[in-house]
Amino acid sequence: MRQAIQYIDNVRQMASEPDWYLAWAGTLSDHFHGPLSVALMSAPTLGEGLGAFLRYFPGRIPYMHMQGRQDGTFYYAEMCPLIDLGACTPMLVESPLLIVQHYLDNVYGVDLAQARIELDYPAPGYADRYARHLKCPVVFDAGHNAIVIPAAWREQRNLGYMESTWAHALLQCEATM
């Protein structure tokens with residue numbers, strides 16, 4: 001992990017724009033996640049798809065624990081770093097949050113203005129650029145890293161749900177864990 005973070009930090013320092021990773025993460029949203037991509041597209045509901053993401057995506061990024069929790073009328077999909085990510089924290093925390101945002105938008109077409117992203121760190125100098133990539137408000141110094149959605153969204157049915165595909169994708173996700 002130290003080598004990977006050093007590599008990411010080197011890229012970060014060489015990047016011509018400080019928000020380069022937000023555009024990059026957006027290109028990873030709908031694919032490149034193996035059987036998890038299939039599970040997300042074929043889940044019965046938004047809640048079950050999001051649950052699969054929180055369970056299986058950390059296998060792709062072992063520096064992060066992910067969990068979901070409901071607080072009142074909101075559901076928090078939290079990203080909890082397991083190690084100090086240093087200057088790479090924004091990229092390594094925000095990229096999976098951006099993937100979730102794209103999932104919510106592309107598969108369910110929800111009104112992302114009703115959601116928000118809460119981050120555990122101060123606003124970076126380029127925070128004004130977030131609106132280019134994120135379709136929901138961003139709150140800094142929040143005490144945790146999460147995409148926060150109305151809990152009722154979790155019940156939304158997925159029009160692309162296929163029981164056999166969903167079941168097979170989950171088996172494959174378990175096998176790759």
Side-chain angles (χ1 to χ4, degrees), residues 17-33 36-58 60-61 64-81 85 89-162 165-166 169-170 173:
E17 298 293 329
D19 61 336
W20 67 273
Y21 64 91
L22 292 168
W24 170 78
T27 67
L28 301 176
S29 297
D30 299 330
H31 47 281
F32 297 124
H33 308 302
L36 181 56
S37 291
V38 177
L40 292 174
M41 297 304 148
S42 64
T45 64
L46 184 154
E48 289 172 278
L50 190 52
F53 180 85
L54 295 173
R55 175 165 170 70
Y56 299 113
F57 198 76
R60 301 184 65 79
I61 54 172
M64 189 76 68
H65 168 72
M66 296 182 183
Q67 63 191 24
R69 66 178 171 87
Q70 187 165 332
D71 186 1
T73 60
F74 290 98
Y75 182 81
Y76 292 72
E78 294 181 309
M79 311 293 134
C80 310
L85 302 174
T89 297
M91 178 197 169
L92 296 175
V93 167
E94 295 165 20
S95 293
L97 292 171
L98 188 62
I99 291 168
V100 171
Q101 176 197 263
H102 279 265
Y103 172 62
L104 297 172
D105 190 33
N106 294 340
V107 176
Y108 294 93
V110 294
D111 177 10
L112 287 166
Q114 296 180 44
R116 67 186 176 274
I117 290 180
E118 297 182 354
L119 300 169
D120 188 29
Y121 41 86
Y126 55 90
D128 59 324
R129 296 181 180 200
Y130 278 56
R132 295 180 192 172
H133 308 282
L134 301 170
K135 295 181 179 184
C136 58
V138 179
V139 177
F140 294 95
D141 291 318
H144 55 259
N145 302 300
I147 186 163
V148 183
I149 63 171
W153 286 5
R154 298 182 68 231
E155 301 305 317
Q156 287 193 25
R157 307 287 310 156
N158 178 359
L159 296 177
Y161 169 60
M162 294 183 62
T165 304
W166 166 246
L170 291 181
C173 287

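Computed from heavy atoms alone, side chains included, the values below leave out hydrogens, waters and symmetry copies. If you read the sequence from its start, that first residue is 1, and numbering goes on from there.
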Can you list, pair by pair, the side-chain donor-acceptor contacts under 3.5 Å of residues 132-140, counting residues two or more places apart and other chains?
residue	atom	partner	partner atom	Å
H133	NE2	D19	OD2	3.4
K135	NZ	D105	OD2	2.5

Practice problem: State, with a plain yes or no, whether a side-chain heavy atom of P81 is found less than 4.5 Å away from one of L92. | Solution: no
Self-check item: Any side-chain donor near an acceptor of the partner, E94 and Y130, under 3.5 Å
Solution: yes
Quiz item: If we only count heavy atoms from C-beta on, is the N158 to W166 side-chain gap below 4.5 Å?
Solution: no
Exercise. Mind checking the CD1-CG spacing from I99 to L104? Nearest 0.5 Å is all I need.
Key: 12.0 Å
Self-check item: Interatomic spacing from CG in L119 to OG1 in T89 - rounded to 0.5 Å
Solution: 10.5 Å
Quiz item: Where is the tightest heavy-atom contact between A39 and C173, given as atom of each residue plus distance?
Solution: CB-SG, 4.5 Å
Self-check item: Rounded distance (nearest 0.5 Å) linking atom CD of E17 with atom CG of L22
Solution: 11.5 Å
Practice problem: With rounding to the nearest 0.5 Å, note down the distance linking OG1 in T45 to CZ in R157. | Solution: 6.5 Å
Quiz item: Does Y103 use its side chain to pair, donor to acceptor, with the backbone of L40 at less than 3.5 Å?
Solution: yes
Quiz prompt | Side chain to side chain, W24 and M91, heavy atoms closer than 4.5 Å | solution = yes
Practice problem: Could you check L54 against M79 for side-chain contact (heavy atoms from CB on, under 4.5 Å), going step by step and ending with a plain yes or no? | Solution: CA-CA 9 Å; L54 295 173; M79 311 293 134; 4.2 Å; yes
Quiz item: Who are the side-chain hydrogen bond (donor to acceptor under 3.5 Å, both in side chains) partners of Q156, not counting sequence neighbours?
Solution: none
Exercise. Supply the atom-to-atom distance E48 CD to E155 CD, rounded to the nearest 0.5 angstrom.
Key: 8.5 Å
Quiz prompt | Inter-residue atom distance E118.CD - R116.CZ, 0.5 Å rounding | solution = 4.5 Å
Self-check item: Any F53 side-chain heavy atom under 4.5 Å of M66 side chain
Solution: yes
Practice problem: Identify the two heavy atoms, one from A52 and one from L36, that lie closest to each other, and give their separation to 0.1 Å. | Solution: O-CD1, 3.8 Å
Quiz item: With a 4.5 Å limit on heavy-atom distance, are the side chains of V93 and Y121 in contact?
Solution: yes
Quiz prompt | Non-hydrogen atoms of P96 and I61 that approach each other most closely | solution = CG-CD1, 4.0 Å
Self-check item: Option passing side chain to side chain contact (heavy atoms under 4.5 Å, CB included) with I149 (candidates Y108, Y76, Y75)
Solution: Y75
Self-check item: Contact check, side chains of R129 and P18, non-hydrogen atoms, under 4.5 Å
Solution: yes
Quiz item: In terms of heavy-atom contacts, does CD of Q70 have more than 12 from other residues, nucleotides or ligands at under 6.0 Å?
Solution: yes
Quiz item: Is the backbone N or O of D120 less than 3.5 Å from a side-chain atom of N145, with the two atoms forming a donor-acceptor pair by type?
Solution: yes
Quiz item: Closest approach of P90 and Y21, non-hydrogen atoms and distance?
Solution: CB-OH, 3.5 Å
